[in-house]
Each structure stands twice: as structure tokens, then as C-alpha cells.
Amino acid sequence: MRTILITGSAGFIGYHLSQLLLDEGFRVVGYDGMTDYYDVRLKERRHQNLMQNQHFSANIGMLEDFEALHALAMAEKPDAIVHLAGQAGVRYSLENPRAYVQSNLVGTFNVMECARELRVDHLLMASTSSVYGANEDMPFSEQDKCDTPLTFYAATKKANEAMGHSYAHLWNLPITMFRFFTVYGPWGRPDMAPIKFAKGIFEGSPIDIYNNGEMHRDFTYVTDLVRGIRLLIDTPPDRPESAGDIAEWDSLSPAAPYRIVNIGNNDKVRLMDFVTALEEHCGREAVKNFVPMQKGDVPATWADATLLRELTGYAPKTSVYDGVGKFIAWYRDYYRV
Ligand SMILES: C[C@H]1O[C@H](OP(=O)(O)OP(=O)(O)OC[C@H]2O[C@@H](n3cnc4c(=O)[nH]c(N)nc43)[C@H](O)[C@@H]2O)[C@@H](O)[C@@H](O)C1=O
């Protein structure tokens with residue numbers, strides 16, 4: 001039985017990935033700091049669901065607590081580590097940038113140290129489409145230059161990518177970085193737009209629509225996303241013999257067993273169309289308040305999903321209409337509306 005250590009197992013993506021791996025017969029060692037950035041009860045409920053499976057263990061600890069993380073990693077000796085814990089959220093990084101230094105920089109370093117010492121088969125870590133920052137060429141490809149982060153959150157994730165590359169090179173540690181595109185679905189994060197909008201619609205309170213609705217996101221349904229992660233676990237990068245061996249569609253480093261992979265739906269959806277899908281599934285119209293663009297927000301994201309498909313044969317496929325339907329079904333049940 002293969003063992004996977006998942007950091008952020010009580011988080012939105014970590015929860016769904018743990019569930020999928022347990023269903024497939026993996027042993028999952030969860031590690032989560034249960035930080036109060038959003039409702040801790042939701043995190044506890046996710047962990048409780050996972051604990052129904054005897055092959056899951058829930059371990060509570062902060063990424064910054066190297067001793068706790070290291071002791072767990074050495075005791076469990078996972079075959080691979082999927083590092084999803086971190087300080088997420090684009091807008092909160094304007095309020096509390098220090099939290100991003102602690103979780104994303106110090107925390108990720110601690111995870112990499114454990115992976116190096118254990119010589120895991122594969123270390124996979126979360127980055128974000130936010131690293132594309134001010135880029136205007138779409139869809140965003142992994143090989144595009146991205147040196148213009150617009151928030152400190154994006155800057156810490158870009159730093160994680162660079163940190164990962166150095167460890168992959170120095171220690172011959174296979175590392176895959178995911179760039180996620182606005183993930184949504186059941187058990188989602190309450191700080192993200194879908195839950196905020198659904199709450200507003202059900203309560204009849206006005207929802208702010210930034211940039212007068214001229215916003216686009218490549219909304220990615222969480223079940224599709226974790227399917228992509230699952231397939232990538234078994235696709236560790238190999239250090240190439242020479243740069244000439246790298247396929248033109250591949251982001252593989254010429255100097256390390258290291259690759260960056262977009263996981264997105266490959267569809268640029270207007271935020272207003274997402275809101276319309278929510279209205280249809282909620283059976284009510286939103287009271288909309290159009291407001292200007294927010295500081296640090298990006299107007300659009302859109303994933304080139306070629307690399308994921310080339311590597312795994314898989315491409316996310318859930319339409320926004322269907323995904324929002326499943327999300328609202330969960331929302332009604334969880335929040336009893
Ligand atoms: C990949 C990336 O994914 C996430 O970042 P995001 O794409 O910005 O996702 P979101 O759900 O926060 O925003 C989606 C859209 O919705 C608008 N929006 C947001 N919050 C309110 C809000 O509170 N009110 C209104 N009106 N609009 C909002 C916002 O302007 C945007 O057009 C991260 O959490 C992050 O962790 C990450 O890595």
C-alpha cells in the first residue's frame with residue numbers, strides 16, 4: 001500500500017485529493033495547521049469525513065513547526081508528498097503579508113527539507129495561476145515568462161517555484177509544481193467568490209461585482225483538478241540528458257527533474273456568466289452592485305491545458321453550469337438553505 005503525505009488535508013483541495021486517494025486504496029497521512037483564516041469548523045468537518053476511512057490519519061501541526069512536521073514525515077516515510085498547505089487568498093495578502101512569509105516561504109522550505117531527507121519518489125507542490133500576474137498573452141502557458149506578480153501572495157508562490165527548482169537540481173529530487181486556476185466546488189473556501197456570491201443570493205443581500213463585471217476566470221471544478229493531481233503523482237519528471245530532449249510542449253527544466261503544470265479548465269469564463277449559473281441553480285436573482293477593479297486583482301485568467309493532457313491524457317471537462325449545480329447542491333445541504 002503506497003503512502004502519501006498530504007499537507008493541507010483539511011483544506012479544500014487537500015480534502016478532495018485525500019478522498020480520491022483513499023478511494024483508490026492509498027494510505028493518506030494528513031497534516032494541517034487548522035488556521036483560522038476561515039471557519040475552522042469547515043476544516044474539522046472535512047477531516048472528520050476523511051477519518052471515516054481507517055487508512056487516513058489526521059495530524060494537526062503548523063508548517064512552520066519543523067520539529068512536528070519532520071517527526072511525522074520520518075515516522076510515516078511517505079512514498080510521495082503533496083504539499084497543498086499554505087496561506088491562500090489573493091486579497092488577504094494585502095492585509096497580512098507576514099502570514100504568507102511564514103506559511104508559504106518558511107513552511108514550504110520545511111516540507112522540501114523533509115522530502116530531501118526522505119528521498120521521496122516525487123514531491124508535488126501547489127503554485128497558482130496568480131503567478132501569471134500582468135501577463136496579457138492568453139491562454140497562459142507554463143513556458144511564458146512570469147516576472148510580474150501583482151500581489152505578495154503571487155510573489156511567495158513564484159518564490160516557491162524557484163525554491164523547488166533549486167532542490168530538484170541540487171538533490172535530484174523529482175518535483176512537480178501545479179499552477180491552479182480558480183478552483184470551485186463542494187466543500188469550497190468561504191473566502192472565495194462562489195460561496196460569498198451564493199450567500200448573498202440566498203440572503204438577498206447585494207453582491208459587489210468588481211471591474212463592472214469585466215472579469216474572466218478559468219474556473220476549474222475541484223473533482224477535475226484532483227483527478228489531474230492524482231495522475232501527475234505517477235508522472236514524476238526525469239532530468240533530461242540534454243535540453244534538446246525536451247518536447248516543445250513540455251515545461252521540463254533542462255537542469256533538473258522539475259516541471260510546472262497548469263491545471264485549469266482551458267476556458268475563459270466571464271464572471272457575470274458564473275453569476276448567472278449561480279442564479280439559475282439558486283433559483284433567485286442576485287442584487288448586483290457594480291464596483292471598480294480592486295487593488296491587486298487580475299482581470300483575467302485562462303489556462304493552456306496542453307501540457308497536462310500530453311503528460312496524462314487527461315483534460316478537465318466539467319462545464320461551469322454543471323459544476324455550479326453540484327456546488328449549490330452541497331451549499332444548500334451544508335448551510336441548510
Ligand atoms: C488561483 C487562485 O484562485 C483564487 O483567486 P481568484 O481567482 O482571485 O478567486 P476568487 O474566488 O477570490 O475570485 C474570483 C473572481 O471573483 C471576484 N471576487 C472575489 N472575491 C470577491 C468578493 O468578495 N466580492 C466580489 N464581488 N467579487 C469577488 C474576483 O474579483 C474574481 O474576478 C485564490 O483564492 C487563490 O488562492 C488562487 O491561487
Side-chain angles (χ1 to χ4, degrees), residues 8 11-14 35 37-38 83-96 99-100 103-104 108 125-133 135 140 146 149-161 177-185 188-201 203 205-222 224-225 228-229 260-265 267-279 286-303 316 320 323-324 327:
F12 174 35
I13 298 170
T35 60
Y37 166 60
Y38 64 78
H83 173 43
L84 300 171
Q87 181 58 58
V90 175
R91 286 149 217 95
Y92 183 62
S93 69
L94 278 74
E95 265 172 63
N96 186 7
Y100 294 73
S103 296
N104 300 356
T108 298
M125 307 200 282
S127 182
T128 169
S129 53
S130 299
V131 301
Y132 291 110
N135 288 13
F140 296 146
C146 30
L150 297 178
T151 57
F152 191 63
Y153 165 64
T156 60
K157 288 291 178 178
K158 184 73 201 316
N160 287 167
E161 294 182 357
M177 303 290 314
F178 317 117
R179 286 186 184 154
F180 298 144
F181 285 72
T182 313
V183 189
Y184 74 101
R189 272 177 28 212
D191 64 312
M192 289 182 67
I195 290 199
K196 288 182 180 172
F197 289 164
K199 189 167 184 285
I201 293 171
E203 288 175 358
S205 48
I207 59 172
D208 286 340
I209 304 289
Y210 297 152
N211 201 26
N212 298 311
E214 275 318 301
M215 300 289 270
H216 294 82
R217 284 293 186 275
D218 196 337
F219 287 99
T220 309
Y221 189 62
V222 67
D224 290 352
L225 180 105
I229 296 178
I260 295 172
V261 186
N262 284 342
I263 310 187
N265 218 42
D267 192 9
K268 187 174 155 213
V269 174
R270 278 187 77 222
L271 186 61
M272 288 310 294
D273 294 339
F274 192 86
V275 173
T276 304
L278 282 168
E279 291 175 323
V287 183
K288 299 177 201 82
N289 183 28
F290 292 93
V291 295
M293 184 80 174
Q294 305 288 299
K295 202 178 174 69
D297 218 344
V298 295
T301 66
W302 179 15
V320 159
V324 167
F327 163 68

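For ligands, and for the atoms within them, numbers begin at 1 and follow the listed sequence.
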**Side-chain heavy atoms of Asn211 within contact of Asp297, under 4.5 Å** = no
**Message:** Give me the residue, atom name and distance of the protein heavy atom closest to atom 4 (C) of ligand 1.
**Reply:** Met192 CE, 3.7 Å
**Request:** Run the numbers for me: atoms of ligand 1, each under 4.0 Å from some heavy atom of Ala88, listed by number.
**Result:** 36 (O)
**Request:** Decide whether the shortest distance between a heavy atom of Ile207 and an atom of ligand 1 is less than 4.0 Å.
**Result:** no
**Heavy atom of the protein closest to atom 30 (O) of ligand 1 (residue, atom name, distance)** = Asp297 OD2, 2.5 Å
**ligand 1 contact on Ile209 by region, counting heavy-atom pairs under 4.0 Å** = backbone
**Request:** Could you pull out, from Lys196, Arg91, Arg179, the option with a heavy atom nearest to atom 8 (O) of ligand 1?
**Result:** Arg91
**Prompt:** Who's closest to atom 25 (C) of ligand 1 heavy-atom-wise, of Thr182, Thr151, Asp208, Ile13?
**Reply:** Asp208
**Message:** Walk me through whether Tyr92 and Tyr100 qualify under side chain to side chain contact (heavy atoms under 4.5 Å, CB included).
**Reply:** CA-CA 9 Å; Tyr92 183 62; Tyr100 294 73; 3.3 Å; yes
**Message:** Measuring from atom 34 (O) of ligand 1, which candidate in Arg189, Gln294, Arg270, Gln87 has the nearest non-hydrogen atom?
**Reply:** Arg189
**Residue part near ligand 1, for Lys157, under 4.0 Å between non-hydrogen atoms** = neither
**Item:** Shortest heavy-atom approach to atom 17 (C) of ligand 1 - which of Phe180, Tyr210, Phe274
**Value:** Tyr210
**Request:** Report yes or no: is the cationic atom of Arg179 (NZ for Lys, CZ for Arg) under 6.0 Å from the centre of the six-membered ring of Tyr132, at an angle within 45° of the ring normal?
**Result:** yes
**Message:** With no hydrogens and no angle check, just 3.5 Å: does a side-chain donor-acceptor pair link Asp208 and Asn289?
**Reply:** yes
**Message:** Looking only at protein heavy atoms, which one is nearest to atom 11 (O) of ligand 1, and what is the separation?
**Reply:** Ala193 N, 2.9 Å
**Item:** Partner set under side-chain hydrogen bond (donor to acceptor under 3.5 Å, both in side chains) for Thr151, not counting sequence neighbours
**Value:** none
**Message:** Would you say that more than 12 heavy atoms from the other residues, nucleotides or ligands in this model lie under 6.0 Å from the NZ of Lys288, or not?
**Reply:** yes
**Prompt:** In terms of residue, atom name and distance, what is the protein heavy atom nearest to atom 2 (C) of ligand 1?
**Reply:** Thr128 OG1, 3.8 Å
**Asked** Is there a donor-acceptor contact under 3.5 Å from the side chain of Thr220 to the main chain of Leu225?
**Response** no
**Side chain, backbone, both or neither: the part of Leu271 lying under 4.0 Å from ligand 1 by heavy atom** = side chain
**Prompt:** CE of Met177 to NZ of Lys158: how many Å apart, nearest 0.5 Å?
**Reply:** 11.0 Å
**Request:** Report the nearest protein non-hydrogen atom to atom 5 (O) of ligand 1: residue, atom name, distance rounded to 0.1 Å.
**Result:** Val90 CG2, 3.6 Å
**Request:** List the steps, then state whether side chain to side chain contact (heavy atoms under 4.5 Å, CB included) holds for Tyr38 with Ile195.
**Result:** CA-CA 12 Å; Tyr38 64 78; Ile195 290 199; over 6 Å; no
**Between Tyr184 and Tyr221, ring centroids under 6.0 Å** = yes
**Request:** Identify, by atom number and element, the atoms of ligand 1 in contact range of Ser129, meaning under 4.0 Å from any of its heavy atoms.
**Result:** 1 (C)
**Request:** Quick one: look at Tyr153 and ligand 1, take heavy-atom pairs under 4.0 Å, and tell me if it's side chain, backbone, both or neither.
**Result:** side chain
**Prompt:** Tell me, which protein residue and heavy-atom name are nearest atom 31 (C) of ligand 1, and how many Å apart are they?
**Reply:** Arg217 NH2, 3.5 Å
**Request:** Starting from atom 32 (O) of ligand 1, locate the nearest protein heavy atom and write down its residue, its atom name and how far away it is, to 0.1 Å.
**Result:** Met215 CE, 3.2 Å
